[in-house]
Amino acid sequence: MDQDLLAALDIGGTKIAGALVDDGGRLLLRTRRPTPAREPGDGVMRAVAGVLRELRAAARWPRVAALGIGSAGPVDARRGTVSPVNIPGWRDYPLVDGVRAVVGEMPVTLVGDGVAITAAEHWQGAARGRDNALCMVVSTGVGGGLVLDGRLHPGPTGNAGHIGHISVDLDGDPCPCGARGCVEGLASGPNIARRALANGWRPGPDGDASARGVAAAARAGDPVAVASFERAARALAAGIAATAALAEIEIAVIGGGVAQAGEVLFAPLRRALGEYATLSYVRGLEVVPAGTGTGAGLVGAAAACRQALGRPV
């Protein structure tokens, strides 16, 4: 029987998703469980194992050649360990060993979730056909990954392109990562909402105090809401421009919940990028919304695995 399928895991602080993925990037079978993020590490691993057992029970499982994992990070692909900020029980947790205990000795590829999203966008989304790209997820946190010279560039540990922890405000607030003024601290959804609330914005009748509520208010012209998104956009622009200056990326793709704000985010982002991306070789940098949907983490985990196996992506 041909081994023409890949298995994929997408692990985050809210959910653990799994899928079987074909050569065209289609999700043939999907399953998911809530992440018991407050349990000890082995309790979280039991949830991962449960997802894997559901995949293994599928009639198509014998066709699976390898497994790709995109996990909240940091991850360490060399050691097969993960230390997600939002899963306290996993610190240097041997995830790959735990996965192999369930699936056997098939090839396993581990990357950070931002790298997985990048792989999905390069294979199926807005970065398709581009040789040099930065892809970002702007949501509860800010993550990212790089495509360089036409190939996904996960780096030695699987974390390359983690733009959320570039410092763009040297005197800014402390970040949980230990630095100050990180992109994530200014541009993530919770921080957009926090800044708006601190400056006097109040939710509408629906009581939505999240970044989505701030975006709705900004569309209606609320000046405090507009200013909060403009501040986030400038932080993103500074991080993107710095990345472009270092790596000569030609396109920045932005997905995640905050990107759903549309032009409330993208219009000030493009204006600010004009101020930061001024060198001749980065002036033509494009910024576009992500093209993949809710299954991007799974598609991207499979895409990273394909590249590791030497298959075209």
*asked:* With salt bridge (charged side-chain N to carboxylate O under 4.0 Å, His left out) as the criterion, how do R32 and D10 come out once you've worked through the C-alpha distance, each side chain's angles and the decisive distance to 0.1 Å?
replied: CA-CA 9 Å; R32 63 183 285 173; D10 178 18; over 6 Å; no
*May I have the step-by-step check of side-chain contact (heavy atoms from CB on, under 4.5 Å) for V64 and R60, ending in yes or no?*
CA-CA 7 Å; V64 172; R60 292 170 166 142; over 6 Å; no
*Could you go through the side-chain contact (heavy atoms from CB on, under 4.5 Å) check for C182 and C177 one step at a time?*
CA-CA 9 Å; C182 289; C177 78; 3.8 Å; yes
*Given H122 and C135, is the side-chain contact (heavy atoms from CB on, under 4.5 Å) satisfied, shown in steps?*
CA-CA 9 Å; H122 189 233; C135 300; 6.0 Å; no
*Report the C-alpha distance between M136 and I240 in whole Å, list the side-chain angles of each, state the deciding distance to 0.1 Å, and finish with yes or no for side-chain contact (heavy atoms from CB on, under 4.5 Å).*
CA-CA 10 Å; M136 302 174 61; I240 292 168; 3.8 Å; yes
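Listed here is the closest heavy atom pair of T109 and C305: OG1-CA, 3.8 Å. In terms of heavy atoms, A37 sits closest to P88 at O-CD, 3.3 Å. The shortest non-hydrogen separation linking A237 to A272 is CB-CB, 3.6 Å. Listed here is the closest heavy atom pair of P289 and A126: O-CB, 3.5 Å. Between A127 and A133, the closest heavy-atom pair is CB-CB, 4.1 Å.
No donor-acceptor pair closer than 3.5 Å links the side chain of D222 to the backbone N or O of A218. Distance alone, capped at 3.5 Å, places no donor-acceptor pair between the Q124 side chain and the G291 backbone. Using a distance-only test at 3.5 Å, with no hydrogens or angles considered, a donor-acceptor pair links the side chain of N159 to the main chain of V75. Not a single donor-acceptor pair under 3.5 Å links the side chain of T31 to the backbone N or O of V51. Formation of a donor-acceptor pair under 3.5 Å by the Y281 side chain with backbone atoms of A245 is found in this model. Under the 3.5 Å distance criterion, the side-chain polar atoms of R180 are matched with a main-chain donor or acceptor of G172. Of the possible polar contacts, one joining the S210 side chain to the R212 backbone as a donor-acceptor pair under 3.5 Å is found. Without hydrogens or angle criteria, D76 side chain to V82 main chain gives no donor-acceptor distance under 3.5 Å. Here the side chain of Q3 pairs no donor or acceptor atom with the backbone of R63 at under 3.5 angstrom.
Considering only heavy atoms from C-beta on, L9 comes within 4.5 Å of V99 through its side chain. Counting heavy atoms from C-beta outward, K15 and P34 have side chains that stay 4.5 Å or more apart. Within the 4.5 Å cutoff, the side chain of P203 has no heavy atoms near those of the D208 side chain. In this structure, T243 and L146 have side chains that are in contact, with non-hydrogen atoms separated by less than 4.5 Å. Side-chain contact between V288 and I251: present, with at least one pair of heavy atoms (C-beta onward) separated by less than 4.5 Å. Side-chain contact between R30 and L298: present, with at least one pair of heavy atoms (C-beta onward) separated by less than 4.5 Å. Side-chain contact check for L285 versus I249: some heavy-atom pair is nearer than 4.5 Å. Side-chain atoms of T140 and P190, non-hydrogen and from C-beta on, do get closer than 4.5 Å to each other.
Linking Ile, Leu, Val, Met, Phe, Trp and Tyr whenever their side-chain heavy atoms come within less than 4.5 Å leaves L27 and L55 in two separate clusters. Note on V282: it does not cluster hydrophobically with F266, by side-chain heavy-atom contacts below 4.5 Å among ILVMFWY residues. Hydrophobic clustering of Ile, Leu, Val, Met, Phe, Trp and Tyr side chains at less than 4.5 Å, counting indirect connections, keeps V258 apart from V253. When the side chains of ILVMFWY residues are joined at heavy-atom separations under 4.5 Å, either directly or via intervening members, L148 and I163 end up in a single hydrophobic cluster. Residues V111 and V96 fall into different hydrophobic clusters, defined by Ile, Leu, Val, Met, Phe, Trp and Tyr side chains chained together at heavy-atom separations under 4.5 Å.
The CG atom of L152 sits 13.0 Å away from atom CZ of R306, with the distance rounded to the nearest 0.5 Å. Here the CG atom belonging to N132 is positioned 11.5 Å from the NE2 atom belonging to H153, to the nearest 0.5 angstrom. Here the CG atom belonging to L134 is positioned 11.5 Å from the CG atom belonging to L246, to the nearest 0.5 angstrom. Between L5 atom CG and R26 atom CZ the span is 10.0 Å, to the nearest 0.5 Å. Atom OG of S228 sits about 9.5 Å away from atom CG of L186, to the nearest 0.5 Å. To the nearest 0.5 Å, atom CD1 of residue I166 and atom CG of residue L236 are 10.5 Å apart.
Using a 4.0 Å cut-off between charged nitrogen and carboxylate oxygen, R234 and E275 count as a salt-bridge pair. Here D92 pairs with R79 in a salt bridge; the nearest charged N to carboxylate O distance falls below 4.0 Å. Taking a cutoff of 4.0 Å between a charged side-chain nitrogen and a carboxylate oxygen, R128 and E121 do not qualify as a salt bridge. Under 4.0 Å is where a charged nitrogen must lie from a carboxylate oxygen, and between R151 and D131 no such pair does. Ion pairing between a basic and an acidic side chain is recognised when a charged N comes within 4.0 Å of a carboxylate O; R231 and D169 show such pairing. R270 has a carboxylate O that lies under 4.0 Å from a charged side-chain N of E263, or vice versa, which qualifies the two as a salt bridge.
Relative orientation of the W90 and Y93 rings is parallel, given thresholds of 30° and 60° on the angle between their planes.
Within a 6.0 Å radius of CZ in R91, other residues, nucleotides and ligands contribute more than 12 heavy atoms. Under a cut-off of 6.0 angstrom, the local environment of CZ in R219 is crowded, with over 12 non-hydrogen atoms contributed by other residues, nucleotides or ligands.
No option in L67, L309, D22 other than L309 meets the side chain to side chain contact (heavy atoms under 4.5 Å, CB included) test with L6.
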